Amino acid sequence: MTAIMLDERDVRAAVTMPEAVAAVRQAFTDLAAGAFEMPVRTVLDDGRFLVMPVHHRPTSSAMIKTLSLNFDRTPAIGGTVVWSELHSLDRVVADAGAVTALRTGAVVGAATDLLADPGADELVLIGAGGQAADQVRAVHAVRPLRRLTVVATASESARALVDRLRPELDGVRLDTASDARAAVGGAPMVCCATTSTAPLFAADDLPERVHVNAIGAFRPTMRELPDGLLGGADVVIDEREAVLEESGEVIHALESGAITEADLRELGPALAKGEGGRGPRTVFKSVGVAVQDWAIAHLLAERVLR
């Protein structure tokens, strides 16, 4: 029996963002085809502890992610991703923070590739926390950027993120801002990666044609997007059951009557059918589901166990 332990550096060295995007894209296609057994994650202490299991039937493999979240510490996400297979006693135990950031970026990359205008080359990123860098990397992998603006209430956080990303974004104009409502006015792509409990901007602040990704709010009490945007956009979600239980934006918009459940499209079927955006405004809302973690764990297992 072999247990391979992978820390953050090991995970980053083993999987590139384009590989992660491709793997997560395929995992959601498999989810739509019924290849996964995936219960809704277990949430403890109002989201401070999460347990996410999933089983991939074709490979007889399973992944369980256990993590804790504390945004008053660094890093905010800690825990393990454990990969196992029915035919083997070998397993992979990987750092959950690295896997989570990588897979959260990757699903945004897959959704952006499907929904954003092909020529979109400017991104406004709202938030400069632990998930932020991989949001940029993922969008850049599918829509090479000409300009990036990082918006954060703490200007030093925005500057630090820009400095961190600068070596990876040669030739890209890099700016910072503190006013989200002003910053999104001319952006064809927006990524929201905050822990906000109130919308970050109004629907009227956005341009007529825009694609918005929102990954920060993962509990019913959290919101990054306004009802007006959801009500006037093509809304694609990662997984219906998870979003209806956990997404504050979607729950609020449903309760207000801005949208109905019929207005929500799941990412997996949309990817499987190649169905891009329906209309000038598109939104991808993700609370994160276990097939994303499975996709990254599968890549890791293929590289360290074979």
Side-chain angles (χ1 to χ4, degrees), residues 6 11 14-15 19-69 76-86 91-111 130-131 134 138 213-220 222 236-247 250 264 266-272 284-302:
L6 303 176
V11 172
V15 180
E19 290 170 333
V21 171
V24 168
R25 182 188 291 119
Q26 184 60 54
F28 271 93
T29 303
D30 288 352
L31 178 65
F36 285 98
E37 178 184 1
M38 185 180 70
V40 175
R41 64 188 170 199
T42 299
V43 177
L44 304 172
D45 195 16
D46 194 29
R48 293 177 179 87
F49 296 93
L50 303 175
V51 181
M52 303 171 66
V54 65
H55 165 229
H56 186 240
R57 297 183 179 93
T59 58
S60 295
S61 62
M63 185 283 315
I64 298 176
K65 181 169 78 171
T66 305
L67 55 79
S68 65
L69 294 92
I77 296 175
T80 58
V81 168
V82 180
W83 163 276
S84 59
E85 297 169 312
L86 199 59
R91 61 194 184 279
V92 175
V93 181
D95 175 73
V99 171
T100 300
L102 192 58
R103 61 81 144 160
T104 304
V107 74
V108 161
Q131 303 298 310
D134 285 301
N213 299 299
I215 61 93
F218 62 93
R219 299 298 297 142
M222 303 168 73
V236 177
I237 57 175
D238 49 10
E239 198 271 334
R240 186 173 300 273
E241 188 176 2
V243 163
L244 292 178
E245 182 170 317
E246 299 180 339
S247 169
V250 171
L264 305 174
E266 287 189 308
L267 180 61
L271 287 169
F284 174 61
K285 173 58 198 173
S286 175
V287 294
V289 291
V291 297
Q292 298 165 237
D293 302 287
W294 178 91
I296 305 304
H298 181 244
L299 285 177
L300 293 172
E302 289 296 307

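No experiment lies behind these values; they were computed from the predicted model shown.
- Using a 4.5 Å heavy-atom threshold, the side chains of K65 and T100 count as touching.
- Pairing each heavy atom of F36 with each of A27, the nearest pair is CE1-O, 3.4 Å.
- Taking 4.5 Å as the limit, some side-chain heavy atom of L6 sits within range of a side-chain heavy atom of V92.
- Residues passing the salt bridge (charged side-chain N to carboxylate O under 4.0 Å, His left out) test with R25 are D113, sequence neighbours excluded.
- Residues L50 and V43 meet the side-chain proximity criterion, which asks for heavy atoms closer than 4.5 Å.
- Distance check, rounded to the nearest 0.5 Å: NE2 of H55 to OG of S60 gives 5.0 Å.
- For the atom pair NE2 (H298) and NE2 (H56), the distance works out to 7.5 Å, reported to the nearest 0.5 Å.
- Between the side chain of R41 and the backbone N or O of V51, no donor-acceptor pair lies under 3.5 Å.
- Residues forming a salt bridge (charged side-chain N to carboxylate O under 4.0 Å, His left out) with R240 (at least two apart in sequence, or on another chain): none.
- The line from CD of E19 to CD1 of I296 is 9.5 Å long, rounded to the nearest 0.5 Å.
- Between V99 and A94, the closest heavy-atom pair is CG2-CB, 4.1 Å.
- Expressed to the nearest 0.5 Å, how far CZ of F284 lies from CD1 of I215 amounts to 10.0 Å.
- Between A20 and L102, the shortest heavy-atom distance links the atoms CB-CG, 4.0 Å.
- The two residues S247 and K285 make their nearest non-hydrogen contact at OG-CE, 3.4 Å.
- Counting non-hydrogen atoms of neighbouring residues, nucleotides and ligands closer than 6.0 angstrom, the CG atom of L244 exceeds 12 such neighbours.
- Side chains of F28 and Q292 form a contact here, defined as non-hydrogen atoms less than 4.5 Å apart.
- Closest approach of M222 to G216, counting heavy atoms only: CE-O, 3.6 Å.
- Once rounded to the nearest 0.5 Å, the distance linking CD of E246 with CD of E241 reads 9.5 Å.
- Here the closest heavy-atom approach between residue V24 and residue A106 is recorded as CG2-CB, 3.6 Å.
- Judged by distance alone, with hydrogens and angles left aside, the side-chain atoms of D238 form a donor-acceptor pair with the main-chain N or O of V287 at under 3.5 Å.
- Side chains of L31 and W294 form no contact here, defined as non-hydrogen atoms less than 4.5 Å apart.
- Distance alone, capped at 3.5 Å, places no donor-acceptor pair between the D45 side chain and the R48 backbone.
- Within the 4.5 Å cutoff, no side-chain heavy atoms of M52 are placed close to those of I64.
- Here the CD-CG distance, from Q26 to L271, works out to 9.5 Å after rounding to the nearest 0.5 Å.
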